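Just so you know, these numbers come straight off a predicted model, no measurement behind them.
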Amino acid sequence: MSDLERRYRSLLRWYPREHRERHEEEMLNVLMESARPGQSRPEPRDTLDLVKGAAAIRARWAFGPESMARWRDAMRVVAVVGPIVLLIYQMQLRISGEVLLMGILTVFLAWTNRRWPAAAVAWIWALLFSAGMAAAAMLSATGFSLDMGVALGGIVGSFALVAAVLTGVAQPRQGLSLVGRGRILAWSGAALTVVVGTWQLEAALREIGVPPELLLLGLSAVVCGVAAQSPVGRRSVVVLSPVMLAMFPQLMMVGLWGVALLGLGSAGFLVAAFRSSTPALSGSSTD
């Protein structure tokens, strides 16, 4: 295999696997036949055309009619994972009491396939949590500010999103089988360990210049990277992205650490989404 052919094949790997199985050899033959004598690297225009073509095909497959079944599965995953994400986020903020109990009840009802009770409790949970955060913002020493309003809007939107998914998704418990009950429990246990560890080590972490919020954000990036290996996982991350972005005020607090983590996490997600060939949740990895 020549260097040019190897480099062209590397570029063609950005196309979905099913598309490559059907058209890779044909595309490669056309590219090789149009190459100049002695050429060892793809022309910049050919590289751009191949990348643009791969992105267009993946976008069409990701949002086309044939992808609807995977989006439904992603919603079921969000129905069982979303409440856990919000619950862990709430625990990180050290908010307890009846609001915490509402979150635990939402998780239990979603996991036991009680769709309508889960949705009703989720909406109550959203209202209680949002009202508590709004009251705390109003009574803060600095008073209500634009930054607080943006943060509060993200929080309210996150809780409303999860409640809306629970309202609209039938058979939410199927999300457990799509991901795996053991896998969800393992990642949830890891997140809780990070939260509790952050409480205990907060002073020490700040002393050495590591923002405590960075630990949970780092774990979130790892989870998103693992999920990005499957079509349903990628769609689940996309649906849950507003919840992740509700942590943006924390990203601002951790400064360049958070910006770097957000950039690296986003890049890793995109690379995994385009280059993955191993399913991590269910089904084929072809998008």
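Looking at Val78 and Val243, their side chains never come closer than 4.5 Å, going by heavy atoms from C-beta outward. Counting heavy atoms from C-beta outward, Leu166 and Trp116 have side chains that stay 4.5 Å or more apart. Under the 4.5 Å side-chain criterion, counting only non-hydrogen atoms from C-beta, Val238 is in contact with Trp71. Within the 4.5 Å cutoff, side-chain heavy atoms of Leu109 are placed close to those of Val121. Side chains of Leu50 and Trp14 form no contact here, defined as non-hydrogen atoms less than 4.5 Å apart.
Within a 6.0 Å radius of CZ in Arg6, other residues, nucleotides and ligands contribute more than 12 heavy atoms.
Hydrophobic clustering places Val107 together with Ile104 (ILVMFWY residues linked when any side-chain heavy atoms are closer than 4.5 Å, directly or through intermediates). No path of Ile, Leu, Val, Met, Phe, Trp and Tyr side chains, each step under 4.5 Å between heavy atoms, connects Met133 with Trp123, placing them in separate hydrophobic clusters. Tracing side-chain contacts under 4.5 Å through hydrophobic residues (I, L, V, M, F, W, Y), one never reaches Val30 starting from Tyr8; they form parts of separate clusters. Residue Leu86 is not grouped with residue Leu101 when hydrophobic side chains (ILVMFWY) are merged at heavy-atom distances under 4.5 angstrom, including chains of intermediate members. Placement of Leu105 and Leu127 in two distinct hydrophobic clusters is found when ILVMFWY residues are connected by side-chain heavy-atom separations under 4.5 Å, directly or transitively.
In this structure, the separation between CG on Leu176 and CZ on Arg76 is 12.0 Å, given to the nearest 0.5 Å. Distance CG/Leu185 to CH2/Trp111: 4.5 Å, rounded to 0.5 Å. Distance check: Gln174 CD to Asp73 CG gives 7.5 Å after rounding to the nearest 0.5 Å. To the nearest 0.5 Å, the span separating CD on Gln90 from CG on Leu100 amounts to 5.5 Å. The CG atom of Leu11 lies 9.0 Å from the CG atom of Asp46; values are rounded to the nearest 0.5 Å. Expressed to the nearest 0.5 Å, how far CD of Glu43 lies from OG of Ser34 amounts to 9.0 Å.
When all heavy atoms of Leu87 and Trp125 are compared, the pair lying nearest together is N-CH2, 3.8 Å. For Met102 against Ile124, the heavy-atom pair with the smallest separation is CE-CG2, 3.9 Å. Shown here for Val80 and Pro172, the closest heavy-atom pair between the two residues is CG1-O, 3.1 Å. The heavy-atom pair separating Arg114 from Thr112 by the smallest distance is NH1-OG1, 2.7 Å. For Arg41 against Leu4, the heavy-atom pair with the smallest separation is C-CD1, 3.5 Å. Scanning both residues, Cys224 and Val237, for their nearest heavy atoms gives SG-CG1, 4.0 Å.
Side chain of Asn113 to main chain of Arg173: a donor-acceptor pair is present (N/O by atom type, distance under 3.5 Å, no hydrogens or angles). Between the side chain of Arg13 and the backbone N or O of Arg9, no donor-acceptor pair lies under 3.5 Å. Judged purely by atom type and a 3.5 angstrom limit, Ser10 has no side-chain atom pairing as donor or acceptor with the backbone of Arg7. Between the side chain of Arg115 and the main chain of Thr167, a donor-acceptor pair closer than 3.5 Å is present.
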Could you walk me through whether Met75 and Val239 pass the side-chain contact (heavy atoms from CB on, under 4.5 Å) test, one step at a time? CA-CA 8 Å; Met75 291 296 183; Val239 176; 4.0 Å; yes
The test is side-chain contact (heavy atoms from CB on, under 4.5 Å); show your working for Leu240 and Val81 and say whether it passes. CA-CA 9 Å; Leu240 276 172; Val81 174; 4.2 Å; yes
I would like to know whether Val226 and Trp187 meet side-chain contact (heavy atoms from CB on, under 4.5 Å); could you show each step before the answer? CA-CA 11 Å; Val226 172; Trp187 283 113; 4.0 Å; yes
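Under the 30°/60° scheme for interplanar angles, the aromatic rings of Phe129 and Tyr89 are found to be tilted. Classified by interplanar angle (parallel below 30°, tilted 30° to 60°, perpendicular above 60°), the ring pair His19/Tyr15 is parallel.
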